[in-house]
Structures are given as structure tokens and as C-alpha cells.
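Structure, as C-alpha cells:
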Amino acid sequence: MANSKLLKTLYQLVVNNFLAIVAVAFATAVLRRGWPFSVDGLAGWLHAQRPVHLVTAAILTAAVAKLWRARRPRDVYLVEYGCFRPRPCFRTPFATCREHVHLLPYLLADKESLGFAIRLLERSGLGEETCVPYSYHYLPPDSSLDAAREETELVIFSAIDDVFARSAVTPAEIDVIIVNCSIFTPMPVFVDMVVNRYKLRAGVQCLNLSGMGCGAGLVAIGLARNLLQVAPRGTHVLTVSTEILSAQYYVGSERAMLLPNCLFRMGAAATILTNSPERARFKLGRIVRTMTAARDADYRCIFQEEDESGLRGVRLSKDLTVTAGNALRRNIVAFGPLVLPASEQLLVALSLLKRKLLKRSGRKVRLYRPDFRTAFEHFCIHAGGRAVIDEVQRGLGLSDEDVEASRMTLHRFGNTSSSLVMYELAYAEAKGRMRKGDRVWMISFGAGFDCTCMALECVKPAADADGPWADCIHRYPVQLPDVAI
């Protein structure tokens, strides 16, 4: 075993640095055999040139360098992020959930759906401290516009307050705002609420995204990156990701439409991004988004509609985990070559070549599964549910430690939709595991069907753990009970 690990390490060292080794060897050979000047000879040659020629060459070199830098996309950085931390009064322990389920008249009439909802809660991977808005504590739940606005202002403003408090950026420095929420879209929209609350300047650019589901958080960051790559240096973009539960509680008995009631919990996350490295905490790497909406099954996998009784809700397909796995595999085909080291890419290429050569003989060759732990130290997988985490872990060959942040976030906060991956990033930092230079892989899934992968590199770890995990990180990780699926 020790020899195997040593050989693998040596292989990775040689292959990943192959170009550097060749370049050094080539340069050494040239210097030893072909270098025509001595130091004195070079100084004499420069002295013999006319000053105007040397100045012209220097100016042209500087101009070419500046033109190259201008045409090259700017690097984009995450200055800071903040998450909504619910107060204990929003807690919904399982006892409360069971009591409410038994008191809802539309479920009492359907004993099978009632039992299904209870079993789903028990197997969901959620803990006793997940939170829902005030509107869910009423019987029946309050789905009014006022309740939705109240929840909106609570979670969004709390997340934005947190990100401003944790960074040195002021509201006056914000140039662009991007807010995403799938189902609830009031008028005026969320970005107008933010401008009004923080009295942002009249020239701020506003973008409001809706209908994209849990994947919209990384979509918003990808959009911000595209804007910042062509914006003047020092531009700041504020993104906010949330899902407002008060406006979408399903009051019917269709099983596939009861799932969101059981899994989703309140939450929001805000990020500040810029194209200036001065105050950066993370550097954005590659972002790849894959859409599979051309397939009818994927398009209807997460679908808002009315049931047979005319009650509106979101239907989650029983094939959701399979769809997510297929979308992730397609995404990795594009994302993998951009982030994997050469040693892993070579093994994948050799595996493909072996399959092609042995195809005619009828022999089945299993393709090599790349080890993404050679490219990333941390994994933030959208915890849409226990089964989603299991599927991604199995597909990527990750360990329990690799998916710990996802499982613990689902246990503590539930599925907070598009903001969830930022809670997972906060978990890794609160545990003190983030180091300068560490790389993070974020994976999100959304309606459509959509899969987005994003890479981050840590520039400066958090100075403290004063985030959403501040009051409970000492209790995690917890042992999750084994349940039959």
C-alpha cells in the first residue's frame, strides 16, 4: 500500500510538472550550447545601439504588454459573503411538524399522504433546528402577500447586513445588484427593495432573476463574473440568493407536491464580488453551466403547476436524483478538463483509448473515474435532499469527510434553495479547515434542468467563525441516523 501511494505521488509530480521539466531542460541546453553572448558582450552591444532605438523598443514592448492585459478578461474576486441566521423562535422540530401535519384537514382526509409526509420528514436528513417563517407556524399557513413581504425583508436584509458588516465595502460602493428568487416575485421587485432600504445611488444597475430554482445562486455569481470581466477596475457587484416560502406552501395531498413543504427551509445569502484583488477573500475560477431542458423528462423534473383540485404547488419528479446525476456527468465533461491536473486527464484519455481499442473484441472496459480530490480540498454540493448528496458522493467517489459540509448543512438549516452552497462554505470556514490556496468546488442543481459547477480559490481565510454557524459549530459534525430509503 505504501509503495502504491509513493508511485502514485511520483506519477502525479512528474506528469503535472512535465511541461515545466521540459522547459527547464530545453533552456539549460540552449544556455550551455547556443548562448552567443557573454555578459560583457551583451553590455557592449547595448552600448553600441542608438538611444532612440532602445527607447522605441521599450515603448513598443510596454504597449504590447498593456494591450495584452486590456484584452485579457479581468480576474474576479469574492470580497465577502453573508448568510441569514434564523432566531430560535423560527425552529420547527419534528414534534411540531408532526402535530401540524395531523391538524391539516386536507391531509387528514388522505391517510396515505399523511403517512408519506411523516416518513419523508423522518428520512429527509433534516435536524431538529431547521427553521420556517412565521407564516408556516399558523394553521392553516399564511400565504398572503403581506406574509411573503415580511419574510422577504427579514431574510434578504439580514443577509445583506451581514455581508456589509463582515466586509469593508459600503452600500455607496455597490455598482450592480443581482437578486434571485424562483417563485415569489413582488412589484416592486427585490432589487428595488434593496435600493430603497440601503438608499443606493441612482446609477446602480439592477437585475432580478426568477424561476431558476436552487441553481440560481451560482447562475447569479456567473452573471456577475461576466459583467466584472469587462467592467472598469474597482466595480462591485452585490448578489442575493433566497427562496421565499410564505408564498408557495402547498395545501393539497399530491405526494410529489408535498416534498417541497417537507424539505425547504428559510434562508438567504449575499455576496460582494469585484474585479480588484485588494480586499478579496476568494478568487473565482472556472464556472460551467449545463442545461438539459431539451429533454422533456428533465424539463418537467421540477415543475410548478396545479393539481387535480386546482391547488398550486411545485411537483418534484421521482427521477430527480437520476436527472441530477446525469446533468452532473454532462457538466463534468466540460468542467473536468478545465480544473483537473494533467495526471488525471492522462489517465482518463488512456481509459478512453483502451475502450476504443477493445470495443471490437466485445470486451467491456470501465472508464477511469478521475479523482477530483487532486483538484479540490473542499466540496460544497447542493444538499437538495439526502438522496441527492448520496448520488453525487457515489458518482464522484467522495468520502464521508468530503460531503460532511453538505450533510451537516442539510441537517442544521434544511434545503435553503439557491443560498445553500454558501452555508456549506461557511461550515468549512467555521470548522477552521479553510487555508490560503485551498480550492473549493461548488455544485448546484436547478429547475430546467440545470447544473452549475464553480471553482473558488481561497485568498484569505476568515478571521473568525462569526457566521450562520457561530452558535452551533461546536456541536458538529453530528451522527446521522441510518434510515431505509
Side-chain angles (χ1 to χ4, degrees), residues 74-85 155-179 190-191 193-207 217-218 220-242 267-285 378 380 419 421-440 442 454 456-471 473:
R74 296 182 186 273
D75 289 330
V76 178
Y77 302 89
L78 175 66
V79 176
E80 192 55 89
Y81 64 96
C83 299
F84 167 70
R85 185 171 68 189
V155 298
I156 285 182
F157 295 158
S158 296
I160 296 176
D161 289 343
D162 188 37
V163 77
F164 280 137
R166 294 168 60 85
S167 69
V169 179
T170 64
E173 296 179 79
I174 299 300
D175 302 290
V176 182
I177 306 173
I178 304 174
V179 183
F190 297 111
V191 288
M193 293 183 184
V194 176
V195 172
N196 179 261
R197 169 64 180 263
Y198 296 94
K199 307 303 177 187
L200 303 184
R201 54 190 176 82
V204 67
Q205 302 298 307
C206 300
L207 296 164
L218 295 189
I221 292 177
L223 175 58
R225 185 200 62 167
N226 293 342
L227 294 172
L228 287 168
Q229 285 181 334
V230 296
R233 186 181 176 89
T235 300
H236 289 86
V237 179
L238 171 67
T239 76
V240 185
S241 299
T242 190
T271 69
I272 296 177
L273 300 108
T274 185
N275 49 17
S276 177
E278 279 76 18
R279 296 179 286 192
R281 292 241 292 110
F282 291 89
K283 180 181 178 181
L284 266 66
H378 308 279
C380 297
S419 62
V421 288
M422 302 313 297
Y423 284 89
E424 296 173 12
L425 180 62
Y427 178 86
E429 293 210 278
K431 296 296 288 185
R433 297 172 181 172
M434 191 68 64
R435 300 288 184 268
K436 182 178 180 180
D438 280 4
R439 298 152 299 177
V440 184
M442 290 187 166
M454 181 177 76
L456 292 174
E457 181 181 343
C458 181
V459 176
K460 183 174 65 175
D464 53 55
D466 188 20
W469 295 89
D471 60 347
I473 192 63

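The basis for the numbers below is simple: all heavy atoms, side chains too, and nothing from hydrogens, waters or symmetry mates.
- The main-chain N or O of Tyr423 is found under 3.5 Å from a side-chain atom of Trp469 such that the two form a donor-acceptor pair.
- When all heavy atoms are compared, the tightest approach of Ala428 to His378 is CB-ND1, 4.2 Å.
- Arg85 contributes a side-chain N or O that, together with a main-chain N or O of Gly467, makes up a donor-acceptor pair within less than 3.5 Å.
- Using bins of under 30°, 30° to 60° and over 60° for the plane-to-plane angle, the ring pair Tyr81/Phe282 lands in the tilted bin.
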Starting from the C-alpha separation in whole Å, work towards a yes-or-no answer on salt bridge (Lys or Arg N to Asp or Glu O under 4.0 Å) for Glu80 and Arg281. CA-CA 6 Å; Glu80 192 55 89; Arg281 292 241 292 110; 3.1 Å; yes

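- No donor-acceptor pair under 3.5 Å is formed between the side chain of Ser158 and the backbone N or O of Val155.
- Put simply, the residue from Thr274, Ile272, Leu238 that forms a side-chain contact (heavy atoms from CB on, under 4.5 Å) with Val169 is Ile272.
- To the nearest 0.5 Å, the span separating CD1 on Ile177 from CD1 on Ile160 amounts to 7.5 Å.
- A heavy-atom distance below 4.5 Å is not found between the side chains of Leu456 and Cys458.
- Rounded to the nearest 0.5 angstrom, Cys380 SG and Leu218 CG are separated by 9.5 Å.
- Between Ala224 and Leu273, the closest heavy-atom pair is CB-CD1, 4.1 Å.
- Within the model, atoms CG of Leu284 and CD of Gln229 stand 9.0 Å from one another, a figure rounded to the nearest 0.5 Å.
- The shortest non-hydrogen separation linking Ala159 to Ala270 is O-CB, 3.8 Å.
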What verdict does the side chain to side chain contact (heavy atoms under 4.5 Å, CB included) test give for Ile221 and Met454, after you've listed the backbone C-alpha separation in whole Å, the side-chain angles of each residue and the deciding distance to 0.1 Å? CA-CA 9 Å; Ile221 292 177; Met454 181 177 76; 3.6 Å; yes

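- Taking the side chain as every heavy atom from C-beta outward, Glu424 and Val440 never approach each other to under 4.5 Å.
- Nearest approach of Pro468 to Cys83, heavy atoms of both residues: CG-CB, 3.8 Å.
- Using a 4.5 Å cut-off on side-chain heavy atoms (C-beta onward), Leu207 and Val191 make no contact.
- Using modelled atom types, no side-chain atom of Tyr427 and backbone atom of Ile473 make a donor-acceptor pair closer than 3.5 Å.
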Please report the C-alpha distance between Met442 and Met422 in whole Å, then the side-chain angles of each, then the deciding distance to 0.1 Å, and finally whether the side chain to side chain contact (heavy atoms under 4.5 Å, CB included) criterion is met. CA-CA 9 Å; Met442 290 187 166; Met422 302 313 297; 3.9 Å; yes

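- To the nearest 0.5 Å, atoms CG (Leu200) and CG (Asp175) are separated by 10.0 Å.
- Here the CZ-CZ distance, from Arg225 to Arg74, works out to 15.0 Å after rounding to the nearest 0.5 Å.
- Side chains of Pro277 and Arg233 form a contact here, defined as non-hydrogen atoms less than 4.5 Å apart.
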Applying side-chain hydrogen bond (donor to acceptor under 3.5 Å, both in side chains), run through Ser419 and Thr242 and close with a yes or a no. CA-CA 6 Å; Ser419 62; Thr242 190; 6.0 Å; no

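- Atom OG1 of Thr235 is separated from atom CD1 of Ile174 by 10.5 Å, given to the nearest 0.5 angstrom.
- No donor-acceptor pair under 3.5 Å is formed between the side chain of Arg433 and the backbone N or O of Ala430.
- Checking side-chain atoms of Asn275 against main-chain N and O of Ala231 turns up a donor-acceptor pair under 3.5 Å.
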